[in-house]
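Before any comments, here is the structure.
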Amino acid sequence: MLKAPTDKSKLPSRHVTEGPSRAPHRSYLYAMGLGDEDIHQPFVGVATCWNEAAPCNIALNRQAQAVKLGVKQANGTPREFTTITVTDGIAMGHEGMRSSLASRDAIADTVELTMRGHCYDAIVGLAGCDKSLPGMMMAMVRLNTPSVFIYGGSILPGRLNGKDVTVQDVFEAVGQHQAGNMSDAELEILERVACPSAGACGGQFTANTMACVSEAIGLALPNSSGAPAPYESRDQYCIASGEAVMRLIERDIRARDIVTRKSLENAARVVACTGGSTNAGLHLPAIAHEAGIEFTLQDVCDIFRDTPYFVDLKPGGAYVAKDLYEAGGVPVVMKELRKAGLIHEDCMTATGHSMGEELDRVTLEADGKVIHPVSTPITATGGVVGLIGNLAPEGAIVKVAGMESRHQVFTGPARVFECEEDAFEAVKARKYEEGEVIVIRNEGPAGGPGMREMLATTAALSGQGMGKKVALITDGRFSGATRGFCVGHVGPEAAHGGPIALVRDGDVITLNAVEGTISVDLSDAELEARREDWSGPRKTMYSSGALWKYAQLVGSAQKGACTHPGGQGESHVYMDL
């Protein structure tokens with residue numbers, strides 16, 4: 001028996017499926033095997049970042065089929081499509097890394113264009129690595145469709161000599177190898193076992209941080225981010241997500257009903273208490289920007305400052321994403337935050353219920369090992385800290401999870417490098433001194449272009465045993481796998497004439513993560529005199545193509561490194577066309 005026809009009078013897909021004038025459009029749909037009932041149901045875009053570039057994305061295709069099954073079971077018509085991904089682990093440490101942050105915005109743009117071009121009514125988005133997660137969520141908020149996000153899942157940890165290992169260990173092993181503390185054979189064994197399955201990097205690096213964000217912000221179903229990619233139990237979350245998006249269509253619950261100032265604050269809390277990636281300080285403002293919400297790096301850091309750190313995850317801690325999942329996942333973490341009065345419970349979620357209602361259903365408690373009780377945290381303040389001062393008037397950010405408080409203040413002379421390659425070569429050759437502050441500039445969103453991550457350099461320092469003996473600052477950014485006193489997102493960036501462009505070798509820099517300050521021992525008059533002598537931005541070789549275009553459009557890291565006016569500048573909403 002056929003179900004009653006759907007009223008599509010207010011859904012975008014009416015533009016391609018309804019009325020005599022759309023007969024040519026319907027002919028294409030019949031060509032793909034759709035029937036009358038399929039054509040006149042709501043159309044749900046099932047967007048994935050599937051590709052063969054890296055293990056983070058390789059399982060997304062399988063999971064998309066489960067999403068489509070859920071949509072069909074709930075009387076919708078799924079339409080699968082893919083977009084790009086640049087995976088940081090592969091792009092790290094060379095020119096390819098310049099494409100990484102730019103890919104976030106390309107993902108959002110291409111998902112938007114596909115949804116607009118084909119008039120889909122809702123979206124379930126699947127993403128697996130660092131920039132694809134925020135890019136997919138940015139598209140959802142930009143379009144303001146009924147939306148559900150699905151993380152592809154983390155990789156399983158490797159195992160060597162009785163210990164869990166991750167790709168972070170491999171990056172740091174490069175430094176140990178360069179220092180002569182690891183043989184070729186030992187390095188080869190580690191690289192073969194560190195990444196044993198599909199899935200994103202297993203610690204609380206950027207991918208898993210943003211996966212936690214997807215639940216905390218309300219776009220993903222509770223606990224859906226936790227199960228590792230190889231677990232076929234993930235498919236049940238995918239089916240449920242397909243069903244959930246159909247309920248959102250029915251109730252007209254859209255992405256911006258879910259992503260609000262309050263839900264962004266919830267997400268920032270979860271980043272802080274899990275010792276998450278500093279890149280969240282870039283991506284949360286960018287997601288907010290799509291909704292027209294002012295939520296800057298400093299707003300994120302204000303929340304970090306008064307949030308206890310109580311989830312013991314790598315790179316600062318001992319456990320990986322699989323362990324967090326087995327301890328109860330993000331719902332248990334948020335339940336602990338609620339006990340301290342640190343969660344807005346009235347936020348809507350993709351389930352159609354409020355965050356408070358969802359947390360009422362959580363029966364597990366903190367295990368005291370992976371998730372500590374909020375009343376007895378690992379440290380009283382968050383695992384990520386914002387800094388501001390005369391060296392970074394727009395702010396900067398540092399991950400302090402796992403750092404003792406005595407290591408959170410550092411003063412030393414600057415050793416300045418004009419790009420990451422120069423710094424990495426100097427580190428390899430040990431052309432730096434203990435006690436120095438290594439400055440890597442011209443790596444910001446516009447100046448790089450692309451705001452590269454510095455994991456190769458920071459991991460080499462850690463591998464040489466110098467992670468606590470030097471500090472590093474940059475107008476670029478750091479991988480979520482970075483540890484040590486590494487300050488990123490220094491703004492304004494060098495290309496925009498920020499003070500970091502004016503620093504010289506030997507200038508004394510003080511970093512104080514306890515008080516939240518970053519300063520260079522120069523007077524305002526000296527800085528102004530140097531500015532007058534400044535020769536302008538460093539020229540790059542990117543004088544055409546996508547990266548040139550990105551450099552022309554991108555804004556400051558403080559506001560998320562966005563490339564368009566966002567929700568505040570829009571004159572229409574896609575869903576209402």
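The model shown is predicted, which means the values in this text are computed figures rather than measured ones.
- Of the charged side-chain nitrogens involved, none lies within less than 4.0 Å of a carboxylate oxygen, so that K369 and E326 do not count as a salt-bridged pair.
- A heavy-atom distance below 4.5 Å is not found between the side chains of D130 and M210.
- The closest side-chain donor-acceptor pair between T110 and T83 falls under 3.5 angstrom.
- To the nearest 0.5 Å, the span separating CD1 on I155 from SG on C201 amounts to 7.0 Å.
- Salt bridge status for R256 with E290: absent, with no side-chain N to carboxylate O gap under 4.0 Å.
- For V362 against P331, the heavy-atom pair with the smallest separation is CG2-CB, 3.7 Å.
- To the nearest 0.5 Å, atoms CG (L297) and CG (L284) are separated by 10.0 Å.
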Given R234 and Y151, is the side chain to side chain contact (heavy atoms under 4.5 Å, CB included) satisfied, shown in steps?
CA-CA 9 Å; R234 286 204 64 77; Y151 179 41; 4.2 Å; yes
One pair to check against salt bridge (Lys or Arg N to Asp or Glu O under 4.0 Å): R361 and E357. What are the steps and the verdict?
CA-CA 7 Å; R361 296 183 171 94; E357 290 171 326; 5.8 Å; no
Run the side chain to side chain contact (heavy atoms under 4.5 Å, CB included) test on Y120 and L143 for me, step by step, so that the C-alpha distance in whole Å, both residues' side-chain angles and the decisive distance to 0.1 Å come before the verdict.
CA-CA 10 Å; Y120 296 153; L143 292 161; over 6 Å; no
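- Residues Y309 and V384 are not in side-chain contact: their nearest non-hydrogen atoms beyond the backbone lie 4.5 Å or more apart.
- Between H407 and F485, the closest side-chain pair of non-hydrogen atoms is not below 4.5 Å.
- Without hydrogens or angle criteria, T209 side chain to S277 main chain gives a donor-acceptor distance under 3.5 Å.
- Paired with H344 under the rule side chain to side chain donor-acceptor pair (under 3.5 Å), one option of K262, E265, R338 passes, and it is E265.
- If you check the side chains of N208 and S154, you find no donor sitting under 3.5 Å from an acceptor.
- Residues P285 and Q558 are not in side-chain contact: their nearest non-hydrogen atoms beyond the backbone lie 4.5 Å or more apart.
- Nearest heavy atoms, K68 versus E80: NZ-OE1, 2.9 Å.
- Distance alone, capped at 3.5 Å, is enough to place a donor-acceptor pair between the D169 side chain and the T166 backbone.
- Panel note: side chain D346, backbone G356; no donor-acceptor pair is recorded below 3.5 Å.
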R79 and D121: salt bridge (Lys or Arg N to Asp or Glu O under 4.0 Å), yes or no, with the steps?
CA-CA 11 Å; R79 309 312 298 153; D121 303 316; over 6 Å; no
Could you walk me through whether T206 and H283 pass the side chain to side chain contact (heavy atoms under 4.5 Å, CB included) test, one step at a time?
CA-CA 10 Å; T206 304; H283 301 321; 4.3 Å; yes
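- One finds no salt bridge joining E250 and R247 here, because no Lys/Arg side-chain nitrogen approaches an Asp/Glu carboxylate oxygen to under 4.0 Å.
- Taken from CZ in R477 to OG in S100, the straight-line distance is 4.5 Å, to the nearest 0.5 Å.
- A donor-acceptor pair under 3.5 Å is absent between the side-chain atoms of N266 and the main chain of I343, judged by distance alone.
- M575 and N144 get closest at one heavy-atom pair: CG-O, 3.1 Å.
- Checking side-chain atoms of Y231 against main-chain N and O of G153 turns up no donor-acceptor pair under 3.5 Å.
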Check the pair D306, R269 against salt bridge (Lys or Arg N to Asp or Glu O under 4.0 Å), reporting the backbone distance first and the verdict last.
CA-CA 9 Å; D306 64 358; R269 294 282 186 204; 2.7 Å; yes
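- A donor-acceptor pair under 3.5 Å is absent between the side-chain atoms of S462 and the main chain of A459, judged by distance alone.
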Evaluation steps, salt bridge (Lys or Arg N to Asp or Glu O under 4.0 Å), between D257 and R254:
CA-CA 5 Å; D257 297 320; R254 304 181 182 185; 5.6 Å; no
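- A donor-acceptor pair is defined here as one N or O able to donate and one able to accept, closer than 3.5 Å; no such pair exists between the side chain of R104 and the backbone of G135.
- For the pair L264 and D299, the minimum side-chain heavy-atom distance is 4.5 Å or more.
- Considering all non-hydrogen atoms of both residues, G202 and V320 come closest at O-CB, 3.4 Å.
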Begin from the C-alpha positions of E358 and T351 and carry the test side chain to side chain donor-acceptor pair (under 3.5 Å) through to its verdict.
CA-CA 8 Å; E358 289 301 327; T351 66; 2.8 Å; yes
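- Side-chain atoms of Q408 come within 3.5 Å of backbone N or O of M403 as a donor-acceptor pair.
- For the atom pair CD1 of I249 and OG of S147, the computed distance is 9.5 Å after rounding to the nearest 0.5 Å.
- In this structure, H372 NE2 and D367 CG are separated by 7.5 Å, a value rounded to the nearest 0.5 Å.
- The shortest distance between side-chain heavy atoms of V259 and M140 does not fall below 4.5 Å.
- Within the 3.5 Å criterion, the main-chain N or O of G275 finds a donor-acceptor partner in the side chain of K399.
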Please walk me through it: do F149 and I217 pass side chain to side chain contact (heavy atoms under 4.5 Å, CB included)?
CA-CA 10 Å; F149 179 85; I217 212 169; over 6 Å; no
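- Shortest non-hydrogen contact noted between G328 and N223 is O-OD1, 3.6 Å.
- To the nearest 0.5 Å, atom CG of residue L69 and atom CD of residue E243 are 8.0 Å apart.
- A donor-acceptor contact shorter than 3.5 Å is absent between the side chain of Q63 and the backbone of C238.
- When all heavy atoms of C486 and V398 are compared, the closest pair comes out as O-CG2, 3.4 Å.
- Taking the side chain as every heavy atom from C-beta outward, P157 and K322 approach each other to under 4.5 Å.
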